[in-house]
Amino acid sequence: MRKNFYYALAILIGTTVGGGIFGLPYVIAKAGLITSFFYFLVLGTAVLLVTLFFGEIILSTEEDHRLVGYAKKYLGKKGEIIITLSTVLGMVGALLAYVIIGGNFLKIVLPSIGLSATHFSFLFWLALSFFVYKGIKLVAPAELVMNICLGIILVLVFGFAMPHIDPQNFEVINWSNVFLPFGVILFALVGWTALPEISELFQSKKDHDNYKRVIILGMGIVILIYFLFSAAVVGVSGSETTQEAFQGLMPFLGSNIVRLGALLGVLAVAASFLVLSLYLKDTFKYDFNIAPWKAFLITSVPPIILFALGMRSFIEVLGITGTVIGALEGSAIVLIFKEIKKKRDQKPEYSLSVPNLLLYLLITVFLIGAIVQFI
């Protein structure tokens, strides 16, 4: 198998597995195994289909675009506006989530300093915003750091947690929190933004033939990673599982192991923050012709303002962000997929035959989930 296949697989997994993984144990512990399994089954299937749709969209179009460009081409100006709005809101929400959890991790790593998690969040934002302002191109190194740190975290947590896992810590179902996992799980599963990058990597016909396989295998690996990490955390801390996953492990695994995990978490989240911030800043700079210093302010200031105004619940921010991305972007991709069947530029390497009823059902799932999440 060609090396580009493995590079593409790494890009998809690395893009999908981000800060959202740290919120999964909490919602699984609160909602129960059956509830969480249901959401993973339904949303995992929905996200897999939409990701495959997006892959077919890319392979059916001659020009290289990002989601905004495809929306403009196939859905017109209104589609472009909706996806632009979704991109900005989604990224600002993700940056806010990283500010929140970055502060929580630093509080665990540096308890002796005496600062609160709120103070650490402000310092975390300030330090990283400096690099965003300078425009240092840290995207590729940051992705590498993030992937390495997440890998170490998974091995570390699962290895030390295994002897302490108690099956009684897994709640079967909790009806009072039955809607809690929707947005968090959706946020954690969405990785379709990686597909245009994979398209640039896949240049030959032979590479394109592997597109579908990369998507299916990548999603399977992501869900397996989520399962192992969540099972380890919830199996140890049970009802005491915290929103950032690590604090609740301290009485069982010891402070040193938890602090090491939190330190690696800081590095992984910082890398994600830099990647998203630089991407959003460049979007404003190049796609909207906004001056660099203004692009920096529009990118960096909204998350910390929202944080200062009191939006400090990691799980709530993940839920809202995941819902916005899923409802707007997911529905738009479904509509674009429907349009390319009638006006594609070229024959793709794979083509899915999907009835319109299923397409509308996917949109309904995203929209109903969004309504329930906000209620």
Side-chain angles (χ1 to χ4, degrees), residues 12 16 37-87 89-90 179 182-183 185-187 189-196 198-199 208-220 222-223 322-375:
L12 180 58
T16 307
F37 176 78
F38 171 79
Y39 279 112
F40 267 111
L41 181 63
V42 173
L43 294 179
T45 302
V47 172
L48 175 60
L49 284 173
V50 172
T51 307
L52 287 169
F53 293 168
F54 194 22
E56 185 174 336
I57 291 167
I58 293 170
L59 295 175
S60 299
T61 308
E62 289 182 358
E63 309 95 348
D64 291 329
H65 293 291
R66 295 300 180 265
L67 186 52
V68 174
Y70 291 113
K72 181 179 181 180
K73 178 179 176 67
Y74 292 106
L75 301 180
K77 190 66 178 178
K78 290 183 179 179
E80 180 188 16
I81 292 173
I82 291 173
I83 294 303
T84 299
L85 181 64
S86 171
T87 299
L89 290 177
F179 297 117
F182 179 87
I185 291 178
L186 187 55
F187 181 95
L189 288 173
V190 169
W192 51 59
T193 53
L195 296 192
I198 293 175
S199 180
H208 283 167
D209 289 337
N210 288 321
Y211 219 104
K212 185 178 180 181
R213 194 186 311 172
V214 165
I215 293 172
I216 295 174
L217 182 59
M219 285 294 298
V222 165
I223 292 176
T323 300
V324 168
I325 293 174
L328 296 181
E329 292 189 4
S331 298
I333 290 173
V334 172
L335 294 175
I336 295 171
F337 173 77
K338 189 171 182 293
E339 287 298 311
I340 65 157
K341 295 297 185 180
K342 298 179 289 186
K343 50 184 180 182
R344 66 171 95 240
D345 295 338
Q346 58 193 16
K347 184 179 179 180
E349 278 66 28
Y350 72 85
S351 180
L352 302 177
S353 180
V354 181
N356 287 335
L357 179 61
L358 179 57
L359 298 181
Y360 295 131
L361 179 61
L362 285 171
I363 294 176
T364 301
V365 167
F366 289 135
L367 294 181
I368 290 178
I371 293 171
V372 170
Q373 181 75 43
F374 282 108
I375 290 176

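In this structure, the side chains of I215 and L48 come closer than 4.5 Å at one or more pairs of heavy atoms. Residues I333 and T51 have side chains not in contact (no heavy-atom distance under 4.5 Å, counting atoms from C-beta outward). Contact annotation: the side chain of L186 never approaches that of I325 to less than 4.5 Å [non-hydrogen atoms, C-beta and beyond]. Two residues are said to be in side-chain contact when any heavy atoms from C-beta on lie closer than 4.5 Å; K341 and S351 meet this criterion.
Between the Y70 side chain and the F54 main chain, no donor and acceptor come within less than 3.5 Å of each other. Formation of a donor-acceptor pair under 3.5 Å by the S86 side chain with backbone atoms of I82 is not found in this model.
For the atom pair CD of E56 and CG of L352, the computed distance is 5.0 Å after rounding to the nearest 0.5 Å. For the atom pair CZ of F53 and CG of L195, the computed distance is 13.0 Å after rounding to the nearest 0.5 Å. Between the OG1 atom of T16 and the CG atom of L189 there is a distance of 8.5 Å, given to the nearest 0.5 Å. One finds the CD1 atom of I336 at 10.0 Å from the CD1 atom of I58 (value rounded to the nearest 0.5 Å). Summarising the geometry, atom CG belonging to L335 is positioned 12.0 Å from atom CD1 belonging to I340; distances are rounded to the nearest 0.5 Å. Atom OH in Y350 sits 13.0 Å away from atom CZ in R213 (nearest 0.5 Å).
Between F366 and A46 the shortest heavy-atom distance is CZ-CB, 4.2 Å. For the pair A370 and A327, the tightest heavy-atom approach, listed with the atom from each and the gap, is CB-CB, 3.9 Å. Minimum heavy-atom separation, G55 to Y211: CA-CE2, 3.9 Å. Contact record, S331 with I363: OG-CG2, 3.7 Å, taken as the closest heavy-atom pair. The two atoms that bring M219 and G44 nearest to each other are CE-O, 4.2 Å, heavy atoms only. Pairing each heavy atom of G191 with each of L12, the nearest pair is O-CD1, 3.6 Å.
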Legend entry - salt bridge (charged side-chain N to carboxylate O under 4.0 Å, His left out) between E62 and K73, worked out: CA-CA 11 Å; E62 289 182 358; K73 178 179 176 67; over 6 Å; no
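Residue-environment remark: NZ (K343) exceeds the threshold of 12 foreign heavy atoms within 6.0 Å.
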